[in-house]
Structure formats: C-alpha cells, structure tokens
Amino acid sequence: MTHSKHTILFLASEHSENAKTRMGKEHSEIREAWRLSSHRDEYTMDTAMAADTKSLRNRLLDLPDGGRHVLHVVGGRDQGICLPTSSSESPTYLDPSALAGVVRLFEDHITAVVMSGCYEEKQARALSAIGTEGKDFFVVGIKAGLSAKQRIVLSVGVYEALCSGRGSAFMAKFIASIPGMEDIPADQLVVWCNGKLLGQPDRPAQPERDASEKKSPLTNDHVFFCDRETQDQRFVEIMPESGALSFAFFGVHGDDPQSHAGLIKRLYRYYLCSKRRPEESVFAQVQLREAASLAKYQSEIKSKLLTAFQCGDALFESEADQWRELVDHFQEQRKKKVVIEFRVRSPHWKEFTPELIRWFIQDYCKPEYLGPNPPRFFFFLSIVYEHRADHQIMLDEIRRLVMRLPGAEVLEELQPVTQEHIREWIQEYMDPNPEQREAYLQEICHDRLPRYNMADVELRLNSFINTYSLQDPDF
C-alpha cells in the first residue's frame, strides 16, 4: 500500500547552543520512536536548526501539496515562539495574530503546530483559530517542565492521532489514552482545536485579526470588544448544544446603561460572523414599541421581521408563507446565519409578555416552516429593565419562562465593567509598554471609578480609537 507523505518540520524557537542541542536530541529520539510506529511511512522529518522568519516562510513554501504537515517548534521556556527577523538579529517574541496570519497562508498544507517546551496561550489560541468548521487545526502545547522522554511520548502520540485523519473528539480521547500519559501531570499538555481547548472548559476567544489587516486602524466595532467574560463563557458553553437547531434563542437582561446592543454585537462578531466569509452572516435589530394586545404585538413582530431585511411589510396569510419568503430572501443572498435582536424595554412590558415569548419560540419559530437548506436563525431577546420592584418581578417571571422553553437559554445578567477589563483591552489592541498602558488607562478612566457602565465605556473607547491609530505590530 502506498502512503502519502507528510512532513514534520522541526524548528528551534531559541538559538542558543543549548537549544540547538535540545532540539537535535528531541528530533533524533522522536524520529527513532516514529520508526517503530505503524505510521512510520506516512511522515518525513525536516529540520531548521537556525531559522529566522524569512527561512521559516521558505520552509513552509517548500511543503508539498496534499499533506497533513506539522510545524514542531522546540523551546526551553514557556514564553512562546521566538525567532529573529534575520540571521543577524536576536530572537523576539512573535505577535500571536501576526504569527497566525503567516501560518494561515499555508493552511492547506499544515494541520497542526506542536509547541514543545515553548507553549504560550495567546499564540496557541491565535494559531488554533485558523481552523474552520470543515477543517480542524490543532495546536499542542507541551510544557517546558517535562523531560525529553515525556515530550517524545506526547509528540509521537499526537502524530499518530493526526495520521488517523479524524476530528477533534477523537484527538482528545486518543491523546488521553497515550501509553505513559498516566505518568505525566494533566496540566503539562494543552491541546487546542479551532480556537477552543479540548478536554477543558472553554474560554472565550479573543478577536481574530488577519495579518493583512495589520496596517489598518481598528474599526469602531472594537469598542464592543471590551471584556464581557461572564456572558462570553455562558454563550460558548451553550453554543455546541444548539449547533444542530434551525432556531436558537438567547435571553439577555440588565439595566439600561449596560449596553445590550454592545454585548450582542460582540457575540455576533466573535462567534456568529465567519472571519473568512463575513458576507454569509447578517445582523439586524428590531425595537418593539408598546402594543395594547397580544395579537397586535404578534403582528408587529411579523411585520418588523420583514422590514428589517427589506422583504416588504405586508403580512402573509400564514406564518409558513412568511418564513418561506424570508428563507428565499436569505438563500438568494447566500446567508447562512441570521442574527436578530428583539429589544423590549420594561415600560412596554404587559401581563401577556411571557405568553408572547412562549408563542414566538414554540408556535411561531417552527423548523417545518423553513423548507430545505435554510440558514440558521439566532434570536436574542434583549430585556432592558429599570430598578423598580414591579419591573424586577416581571423580569424574574420572563427569565423563568425562557429557561423552561426548549432550545432557549438565558445569559448571566449584564454587569458594570472594571478598570481591569479596560486595561486588558488596551493591552490587546495597542500592545504598549507598562508605562504607556497605565497612561492610556488613566486617559480613558480619568475619573478613576472602580466600575463603569458599559454604555459609557463604549463611548470612551470609541473616542480613544478615533484619537489613536491602533495597529498590529509587524511580523
């Protein structure tokens, strides 16, 4: 039987003699262990003992088409992949988004990056996000504290899992069952796939920016990227559970200054809008005004759904006909995800509001109305309340109702933003030195409050973006 050849490209993240010796030893011992593997005919090994960013690109260009190639980077400290830009310069830490942008150019060739002894979370997360729904991309982080023998055990196991050509679920189970794994501390091996940790509770990914965008100032959408970790975590947890549903429903609640629109737009940009094909997703907001009866509210919802996407505003005889019109419209535009926010303010709540929500989720949004190959619909019910006792009682009733409905989930209540959230935003988008970071923080948080309303933070960050030209560092 003839096997297709794949390449393991070894690379030294440090350029000291000790690092080269360590890499050479790891390369030799993995090659010997691989020689005894049943998959030995499927990989060749290539070594770059003194690589810089230019030679790395050249090595990647030389990878043959059609393989499941692996970039195996060896280091001695958990400080990330470090390379010089040329042979005459000292190695420097590679910016995660720029590093991912370069590797992305070769995504049809490379299926995994192994960070052996140089694992760093930001780089690993950014690299693994190269993966798509149709093609998994793995990043394996092997911590620096392991012995050479343990690194080899893990590396060979990873290559065998990759040879199988199976997906992330198999990868996670296979690695957990590697002979010798029981002698290795669980926290010494980290596996990422498509921006998510395998076998561990997921954490929200940071916004991805392609290397081609690194010279462009940020758009004002980035004001929404200030940390909302509590809601992000819950959204990521429940997304896989609703992955096969035609309709997904999410409740978002909080008082007026907590910027419901900002959170929903953040979730849309992070998780529901394809980074590669943003034209396949669409977002709209529907503001529901006060109506006197359940029937009038139902008519308003149907009408505003049509007008939000410029499908007219005439109501159809049946709900199935209206959904067919909407689906045909989105299919013509090649939309695969449709995200809609319904905003209900507490002064407009009525005693029948809970029944309206039940009708919408159970009676109106029926999968059988959609026909073949419809887009997925994500509905966010944005409940904006005031701090009044009667509003809180109604909010609790609505929340209990939504949580009982099939396929519906309620995110954690929106909370104020801390200075630490803003400090992390500055670090992510400006990468300043510590003194600059604190100066920028003081400029944004000039009143030095411990907590801020998110609506106020969005205005401040929008002003900050317009004042500074925020750019990614060069690779």
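This one's a predicted model, so the numbers in the text were calculated from it and none came from an experiment.
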| Between F378 and F249, is the ring centre distance below 6.0 Å? | no
| said: If you define the side chain from C-beta out and look only at heavy atoms, does anything of R460 sit under 4.5 Å from Y452? | reply: yes
| request: Just jot down the side chain to side chain donor-acceptor pair (under 3.5 Å) partners of E332, sequence neighbours excluded, or say none. | output: none
| Any side-chain donor near an acceptor of the partner, Y440 and E435, under 3.5 Å | no
| query | With no hydrogens and no angle check, is any side-chain donor or acceptor of S303 less than 3.5 Å from a backbone partner on S299? | reply | no
| task | Indicate whether any N or O donor in one side chain lies under 3.5 Å from an N or O acceptor in the other, for Q285 and E341. | result | yes
| said: Looking at S128 and R125, would you say the former's side chain and the latter's main chain have a donor-acceptor pair under 3.5 Å? | reply: yes
| message | Donor-acceptor pair, distance only, cut-off 3.5 Å: does the side chain of N194 make one with the backbone of F137? | response | yes
| request: Kindly say whether the aromatic ring centers of F352 and W359 come within a distance under 6.0 Å. | output: no
| query | Do H260 side-chain atoms and R343 backbone N/O form a donor-acceptor pair below 3.5 Å? | reply | no
| task | Write out all pairs satisfying salt bridge (charged side-chain N to carboxylate O under 4.0 Å, His left out) with one or both partners inside residues 249-262, taking only residues at least two apart or from two chains. | result | D256-R345
| field | N373 and Q331 side chains, donor-acceptor separation under 3.5 Å | value | no
| field | Partners meeting side chain to side chain contact (heavy atoms under 4.5 Å, CB included) with P375 (sequence neighbours left out) | value | V327, F330, V338, F377
| task | Please answer whether the main-chain N or O of F225 pairs with a side-chain N or O of R266 as donor and acceptor at a distance below 3.5 Å. | result | yes
